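Input: a single structure, listed below in structure tokens.
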Amino acid sequence: MMPPEEESLDGGGDRDGGLVLLQGLKSGSTRKQGCDPFAQTQRSKLQHRRARINQQINKEMRMRAGAENLFRATSNHKVKETVALELSYVNSNLQLLKEELEELNSSMDVYQNDRLLSSSSESISVPMIPLGLKETKELDLLAPLKDFISEHYGEEGILFEKEIKEFMELRQAMRTPSRNEAGLELLMEYYNQLYFLDSRFFPPTKSLGVFFHWYDSLTGVPSHQRALAFEKGSVLFNIGALHTQIGARQDRASLPGLNQAIDAFQKAAGAFNYLKENFSNAPSLDMSAASLNMLVRLMVAQVQECVFEKMTLLRAQHDFLARLQLAQEAARVEDVYSLVHQTMTQAHVKDYVPFSWTTMVHVKSEHFKALSHYFAAIALCDCPVASDAELPEQEKAFIQFHVTMPEGPSLRVLLQDPEERRKLGKAHLKKAIMKHEEAMRIHGLCKILRKMDILQEVLSFAHKRSLSKYSEIDHEEDFFETGDAPDIHPKTHQKPEIKSPNFSQVKVTDIFHRLEAGLKEGDYIILVNGKDCRWSKHAEVVQLLKSTGEEGVEIGVITLQGSEGSKAADKKAAAMSSGSGMLKSNKENSRKSLMNSKSASTLLVWSKKSKRSKKSTYGVPFTAVGDNEAMY
């Protein structure tokens, strides 16, 4: 699948840069439904609270804008004081609403798996960070689309009320997708329908007069744009957000659950990365390049965390090389979370990302660094000394294990002397305990994370486990000073993938397929598969149409616009290979000037037997080569 053209979210760019290619598909797909908006699940309650806060933020921001305008316009000192007081109240309300929304965005436990693992288990799972869905307002397209159909296509708009209402119902359903594959397919179906809608009803030279309203995912700040690219970008963001929720809910104590979580977070990273690369100049901060870059890195880090958990299930408990691999996997998780933390603390992101997210990422970075040293100590202290046959392989692995080689005896002596192994293991445990304590200290700085019992259990259990092991290997006769263990070289055996959305996976039927879905009497064929047919004989054109294969044929058509006769639309369609000349799929409409009257008499007229009412089905636009698509 080739990606569509890059789309601009601010109104810049050229939308006529490329041709959208459609693939004919089988009909008969059923319309998917969203969740019950009144369902009282924990997730739905959270989303309802988010919607309410978004509306309140929108109201307060309108009040603030009005007060600021009045403050600038008036010269009356007393009025200025009154307005300034009102502004202080409004700003206070906005701050409270922002804090409430941040708390909602930090409600990670709602999205986690219901099965909480026992604190005595080594496979206890750290909560993941999911995203809430962007909220949008209802949209009434009935009148605008009917008017456009009448004006642009010369059809009675009232005849397409059923299609318009069907599209509006689909949009309403996609606002509440279920947290599973059906919900993803619903969002994909709507996203694919937007490409058909774009080519039919959103010409670059004319505005439909419709505004798309969406709220920022993290701040609740409203944005509205005329361009359909804003709608597409927001839906694509929700596809990524829903993947994060699906990933967070998996039971990561089992191998199937871990594989599903890995797949979900990789697809979330792909959706956000696709949005970053193909949409530009976003009107809302959640779709800005800086925020999307942060989200992509966060998803990759969560994939890497799942890979580490997967390794703990697959690796043998008392194998030296397996423990070294676990230590390196944990170091790799620490490495990617450190990168995420650096991204979150940058100037353009720091004040936008919830403090609980930044703290959680910092906690995980310290936690997994502690785990890397813990597993290094376990490998050295609990695993049997290498035999002569095993020694070469262990030496090779140990050379690449540390960033710098530890001080002391030679590598061969270190691996075969239990006392030397115990000393180095003790140094690793000392560092692990320090990092565990640092993770717990950072965790205590955030009141929202302090309420998260499962995270507290994870940190406490890991800390106690390291302390217990340290006490076990610590001898009273140890008069040497425990050295500083070198850092562990990060390494992974499963590199995360960034999986871009596969739009063609969800097959859709163009809702407005009846609009120019076939040829009619009076149409003029001027092109067949790019070949100029204006001067060809009738039999030659018929032969060209009959000789097409299953892939269809592209034809260029000119239709006279009623009695005016001065305007015409050049329609491109794909025809089936059968002699009846039935159309297979539509192409993007583009305008052309009608040929002069002398040449018009030589144009070929399509047979009257063409069945214009024949239903056509379509796939996703596979390619569209061109510049940015505007949101303005």
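These figures come from a predicted structure and were not determined experimentally. All values below come from the heavy atoms of this structure, side chains included, with hydrogens, waters and symmetry mates left out.
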Starting from the C-alpha separation in whole Å, work towards a yes-or-no answer on side chain to side chain contact (heavy atoms under 4.5 Å, CB included) for Thr136 and Ser234. CA-CA 9 Å; Thr136 182; Ser234 298; over 6 Å; no
Step by step, work out the side chain to side chain contact (heavy atoms under 4.5 Å, CB included) result for Ile246 and Lys267. CA-CA 11 Å; Ile246 293 174; Lys267 289 179 178 177; over 6 Å; no
Side chain to side chain contact (heavy atoms under 4.5 Å, CB included) evaluation trace for Phe167 with Leu194: CA-CA 10 Å; Phe167 178 81; Leu194 291 177; 3.8 Å; yes
Evaluate ring-ring contact (aromatic ring centres under 6.0 Å, His included) for Tyr195 paired with Phe503, printing each intermediate quantity in order. CA-CA 11 Å; Tyr195 273 94; Phe503 301 113; 7.1 Å; no
Evaluation steps, side chain to side chain contact (heavy atoms under 4.5 Å, CB included), between Phe265 and Met299: CA-CA 6 Å; Phe265 288 125; Met299 295 306 116; 3.8 Å; yes
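Looking at heavy atoms from C-beta onward, Asp216 lies in side-chain contact with Tyr352 at the 4.5 angstrom threshold. Between Met174 and Gln193, every side-chain heavy-atom pair lies at or beyond the 4.5 Å cut-off. Two residues are said to be in side-chain contact when any heavy atoms from C-beta on lie closer than 4.5 Å; Lys310 and Asn259 meet this criterion. Two residues are said to be in side-chain contact when any heavy atoms from C-beta on lie closer than 4.5 Å; Leu285 and Val221 fail this criterion. The shortest distance between side-chain heavy atoms of Phe196 and Val508 falls below 4.5 Å. Residues Lys137 and Phe211 have side chains not in contact (no heavy-atom distance under 4.5 Å, counting atoms from C-beta outward). Counting heavy atoms from C-beta on, the side chains of Leu186 and Leu170 come closer than 4.5 Å. Counting only heavy atoms from C-beta outward, the side chains of Lys134 and Ser284 approach each other to under 4.5 Å.
A donor-acceptor contact shorter than 3.5 Å is absent between the side chain of Arg179 and the backbone of Arg249. In this structure a side-chain-to-backbone donor-acceptor pair under 3.5 Å is present from Ser150 to Lys146. Between the side chain of Ser217 and the backbone N or O of Gly132, at least one donor-acceptor pair lies under 3.5 Å. Checked by atom type and distance alone, the side chain of Thr244 pairs as donor or acceptor with a backbone atom of Leu131 at under 3.5 Å. In terms of modelled atom types and a separation under 3.5 Å, the side chain of Arg226 and the main chain of Ser207 share no donor-acceptor contact.
The CG atom of Asn273 sits 8.5 Å away from atom CG of Asn293, with the distance rounded to the nearest 0.5 Å. Considering CD of Gln250 and CG of Asp263, their distance stands at 9.5 Å, rounded to 0.5 Å. For the atom pair CD of Gln304 and CD of Gln494, the computed distance is 8.5 Å after rounding to the nearest 0.5 Å. To the nearest 0.5 Å, atom NE2 of residue His243 and atom NZ of residue Lys499 are 10.0 Å apart. Of the inter-residue distances, the one linking Glu169 atom CD with Ile164 atom CD1 reads 12.0 Å to the nearest 0.5 angstrom. To the nearest 0.5 Å, atom OG of residue Ser500 and atom CG of residue Asn278 are 8.5 Å apart.
Across Leu184, Leu236, Val506, Ile239, a single residue satisfies side-chain contact (heavy atoms from CB on, under 4.5 Å) together with Pro501, and that is Leu236.
Counting heavy atoms of neighbouring residues, nucleotides and ligands inside a 6.0 Å radius, atom CD of Glu161 exceeds 12 of them. For His493, the NE2 atom is densely surrounded, since the number of other residues' heavy atoms within 6.0 Å is greater than 12.
Ring geometry for His224 against His213 counts as parallel: the plane angle stays under 30°, on a 0 to 90° scale with 60° as the upper cut.
A pairwise comparison of heavy atoms in Phe272 and Phe237 identifies CE2-O, 3.7 Å as the closest pair. Annotation for Ile149 and Gly157: closest pair CG2-CA, 4.2 Å, computed over non-hydrogen atoms. Closest approach of Glu163 to Ile511, counting heavy atoms only: CG-O, 3.0 Å. Contact record, Pro177 with Leu242: CB-CD2, 4.0 Å, taken as the closest heavy-atom pair. The two residues Arg175 and Glu135 have their closest heavy-atom pair at NH2-OE1, 4.5 Å. Nearest approach of Ala271 to Gly240, heavy atoms of both residues: CB-CA, 3.7 Å.
In summary, the side chains of Thr343 and Arg297 do present a donor paired with an acceptor at a separation below 3.5 Å, with no hydrogens or angles considered. There is no side-chain donor-acceptor pair under 3.5 Å between Gln225 and Trp214. Checked by atom type, the side-chain pair Tyr190/Asn238 shows no donor-acceptor distance below 3.5 Å. Using modelled atom types and a 3.5 Å distance limit, the side chains of Asn192 and Lys507 yield no donor-acceptor pair.
Arg514 has no carboxylate O lying under 4.0 Å from a charged side-chain N of Glu155, or vice versa, which leaves the two without a salt bridge. A salt bridge does not link Lys531 with Glu540: none of the charged nitrogens is closer than 4.0 Å to a carboxylate oxygen.
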